[in-house]
Amino acid sequence: MKPTRVLFAGFAHETNTFSARKTGETAFRENGWYAGEEVYRLKDTNTGAGGVLTEANRMPGVEMLPVIETTATPGGLVTDQVFDLVTGLIEQAVSREQPDAIVLDLHGAMVTESEIDGDGAILRRVRAAAGPSTPIVAELDLHANVGPEMLLHATALIPYDTYPHVDNAERGAEALRLAVSTARGMVQPEMAHRRVPLAPAGPKQFSGVEPARSIMTRVHEIEEDPRVLTAGVCFAFPWADCPFAGMTVTVVTDGERELAQSLANELGDFIWARREEFRPSVLTVEEAIHAAMEEPEGPVVLADLGDNPGGGSAADGTALLWGLLDLGAPDAAFALIADPGVVGQALQTGIGGRLETELGGKTDDLHGYPIPIKATVVSLTDGRFIYDGPMLQGVNGFLGRTAVLRCEGRYGNHVDVIVCERRCQPLDTAIFRSQGIEPSEKRILGLKSAVHFRGSFTPIVKRILEVDTPGLTSIDFHRFPYKQLSRPIWPLDDI
Ligand SMILES: [Zn+2]
């Protein structure tokens, strides 16, 4: 039997269009850039690439052609330079190899300097190189904003089912199986979609609570129909000023166009009817810290919703840290503040030395002010760690050079603050442990993460509180100057 040749490429970015800092080639290279055979280094990780490559090993007669896998920390517009470089590599490989099928690991919320539908532009160019009949299956993040060209050029879109995203490898494997069975003529995918004018904030997109839990149960019921190949919901990335930002349902059937559409409509209506349940219940900084201090046992997590670098924010926001220091929070640890200047000062000071400086709040005027600190340098590391929680397990993490500063609070309390050079979402307990802090022994943990931390932290924490802080991932959408977003959209508009 002739092998089925499958080309694989991953190029992913979640673009916060309100961020002034563009995302260029360096941001991708620093975060992980695997070219050609190097993609195999991701084989046993819980990533899309890991899932595709592991599944390819299990499937007889599949030959993989890995081209590239790269992703950058969410941030501002992707530059045309890196977009053309990476897309060009994929395009050239498709033209040269003329594969039987293509699997792409995308995010679905990429915006570039020139392309509002970045992922759609990748798919357009790959489709042009591959020709009309080659199946192209794209794995997406749950936070995709599905643009018109994505729907036009992909054979099927397969978003993650989970938030925190713990099924990345599973969905990659599913994308590969669908691409191969389509290439072999065993199925004929027909994809329908339905837009739902909702752009809810993170907390209630969490798969463990309503309405997300019931929505995904309904998706899996739909997938049990033998005529259905796959179904999914993109829950939207709201901090993107795009006409098509919002939730989108996709259903792919085996050759049954009308069935796909009626199931997508039905699922869309189900979601729309439950929109009020997406409204988050959050606390102010003061309320959250007082509530945490009243808990008899820790750790209590305080989620810094407004400054989640996993949604493109600065990671140097000071609102929550200021509260911890100034309101007397006992035995707290904070992950993290990205402030390369202060890391440099800590390196000069050395372990055990005293440092007085201004920390954080330096990127822009959206994330609080620099706060004066008096601190002891507790540790200094190269900032390398390996994720060991359910999300990104096995992947190498890199904070840049990192210091732990024990900052003095107003009432004799202290907060151990991880200060590092790079923006990184602290979604894994390994970040604390790599810096010599045992998170389970702390009373209070401040985290710059909205939901992803739940995968790794839930087993060790007593309570989780969501804090309404300012920043580029604020859940108060009225703070953002949307111009292109299609209106009305809930909850920005009261519909
Ligand atoms: Zn996501």
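We count ligands from 1, going down the list as the structure has it; atoms in each ligand are counted the same way. Small disclaimer: the values here were computed from a predicted structure and weren't measured. Heads up: numbering here begins at 1 and tracks the sequence.
- Ring geometry for W490 versus F278: interplanar angle of 30 to 60°, hence tilted.
- Closest to the Zn ion (ligand 1) among the N, O or S atoms of H143 is ND1.
- Restricting D141 to its N/O/S atoms, the shortest distance to the Zn ion (ligand 1) is reached by OD1.
- Electrostatic pairing of R171 and E139 does not count as a salt bridge here, judged by no charged N lying under 4.0 Å from a carboxylate O.
- Taking the ring centroids of F11 and H107, they lie at or beyond the 6.0 Å cut-off.
- One of the N, O or S atoms belonging to H165 lies under 2.8 Å away from the Zn ion (ligand 1).
- Residues L465 and A292 come closest through the heavy atom pair CD1-N, 4.1 Å.
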